[in-house]
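Just below is one structure, and these are the notes that go with it.
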Amino acid sequence: MKNFDVAAVVSGGASGLGEATTRALAARGAAVTIMDLNQERGQALAAELGGHTTFVRTDVTDEASVEAAVAEATGKDRPLRIAISCAGIGLAQRTVGRDGAPHELGGFTRVLGVNLIGTFNVLRLAAAAMARTEPGEEGERGVVVNTASIAAFDGQIGQLAYSASKGGVVGMTLPAARDLSSVGVRVCTIAPGLVDTPLLGSLPEEARAALSGGIPFPKRLGRPSDFAELALAIVENGYLNGEVIRMDGALRMAPR
Ligand SMILES: NC(=O)c1ccc[n+]([C@@H]2O[C@H](COP(=O)([O-])OP(=O)(O)OC[C@H]3O[C@@H](n4cnc5c(N)ncnc54)[C@H](O)[C@@H]3O)[C@@H](O)[C@H]2O)c1
């Protein structure tokens, strides 16, 4: 898809990787709907970007909430062709803690709810809306980009719930692409390594240096713009489909 004169939805679009992607899409002329729980940041970003960028307070785990945001996006003056899922949360807890306590069931369910079920919720509702649009020359109607993590493959100690949720996103990618081939919607997933978002930005410089020291090359944390560029490259390359792409400077995470 070379033409960004389309509508797009970005979940988690008010912060970090999602914010960078919202900015990149808006800079290319897309009419972006920011779907995020964080009303303050979302509204401020939409106001800053102006034009066709809007914010709809959205909880990705909630059916009606995502339906309303997708309806807002489809109400714009151009077809919905792009859905990027960046909403996500973390949790650090061991399967059995040092004190012998088992991993909380509620925490596991919460992380799976946002990262896996939320991603699925955006994927299915956005794809259904795309399926109702007029196709392009090769039958293409749109593209969905999910966000996993390299923790889907090399989950560290304490990352059980997070890794399981991201492993689910990886596992969903190919069957979703196969399912949606009949309506011309592509599905790819980005598995980022360590990216310098507000989350990592809160760490002291020393800790950030230690983290980036383990990255073969480039010897730095990823930038949110690296993610946004890859997301846009996936949108632009109409032959990429059903694939999970690691974006990590060749980092393979150790157990801890
Ligand atoms: N930063 C990294 O190093 C890194 C690495 C690998 C994967 N990821 C993944 O990338 C994605 C974005 O991470 P980030 O670092 O930009 O984090 P972030 O915290 O900066 O942004 C996440 C956004 O998601 C929103 N959100 C959370 N729960 C939501 C919900 N239920 N509904 C709607 N919005 C919700 C938050 O309000 C926030 O704006 C996440 O899925 C994360 O797991 C990040």
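Atoms within each ligand, like the ligands themselves, are counted from 1 in listed order.
- Within the 4.0 Å heavy-atom criterion, the part of A148 lying near ligand 1 is the backbone and not the side chain.
- Note on E243 versus R186: no salt bridge recorded, every NZ/NE/NH1/NH2 to OD/OE distance being 4.0 Å or above.
- Close N/O approach between T147 and ligand 1 is not found [any backbone or side-chain N/O within under 3.5 Å].
- A heavy-atom separation below 4.0 Å is not found between G90 and ligand 1.
- The environment of R220 atom CZ is dense: over 12 non-hydrogen atoms of other residues, nucleotides or ligands sit within 6.0 angstrom.
- Here is the list of ligand 1 atoms found below 4.0 Å of a heavy atom in Y162: 6 (C), 7 (C), 8 (N), 9 (C), 42 (C), 43 (O).
- The pair R252-D154 does not count as a salt bridge, with every side-chain nitrogen at least 4.0 angstrom from each carboxylate oxygen.
- Near T58, with a cut-off below 4.0 Å to any heavy atom, the atoms of ligand 1 are 32 (N), 33 (C).
- Judged by the shortest distance from any of its heavy atoms, S11 lies outside the 4.0 Å radius around the atoms of ligand 1.
- Closest to atom 32 (N) of ligand 1 among all protein heavy atoms lies V60 N, 3.0 Å.
- The distance from ligand 1 to the heavy atoms of S15 drops below 4.0 Å at these ligand atoms: 16 (O), 18 (P), 20 (O), 21 (O), 38 (C), 39 (O).
- Of the N or O atoms in S149, none lie within a sub-3.5 Å distance of an N or O in ligand 1.
- An N or O contact shorter than 3.5 Å is missing between I89 and ligand 1 by distance.
- Only the side chain of K166 comes within 4.0 Å of ligand 1, counting heavy atoms alone; its backbone N, CA, C and O stay farther away.
- Close contacts of ligand 1 with G16, meaning ligand atoms under 4.0 Å from a residue heavy atom, involve 16 (O), 20 (O).
- Every atom of ligand 1 with a heavy atom of L37 under 4.0 Å away is listed here by number and element: 28 (N), 29 (C), 30 (C), 31 (N), 32 (N), 33 (C), 34 (N).
- Listed by atom number, the atoms of ligand 1 under 4.0 Å from L194 heavy atoms are 3 (O).
- Every heavy atom of G118 sits 4.0 Å or more from the atoms of ligand 1.
- A salt bridge does not link R124 to E67: none of the charged nitrogens lies less than 4.0 Å from a carboxylate oxygen.
- Of the N or O atoms in V114, none lie within a sub-3.5 Å distance of an N or O in ligand 1.
- A salt bridge links E19 with R41: the closest approach of a Lys/Arg side-chain nitrogen to an acidic carboxylate oxygen falls below 4.0 angstrom.
- The residue D196 has no part lying near ligand 1, judged by heavy-atom distances below 4.0 Å.
- Considering backbone and side-chain N/O of L17, one or more are found under 3.5 Å from N/O of ligand 1.
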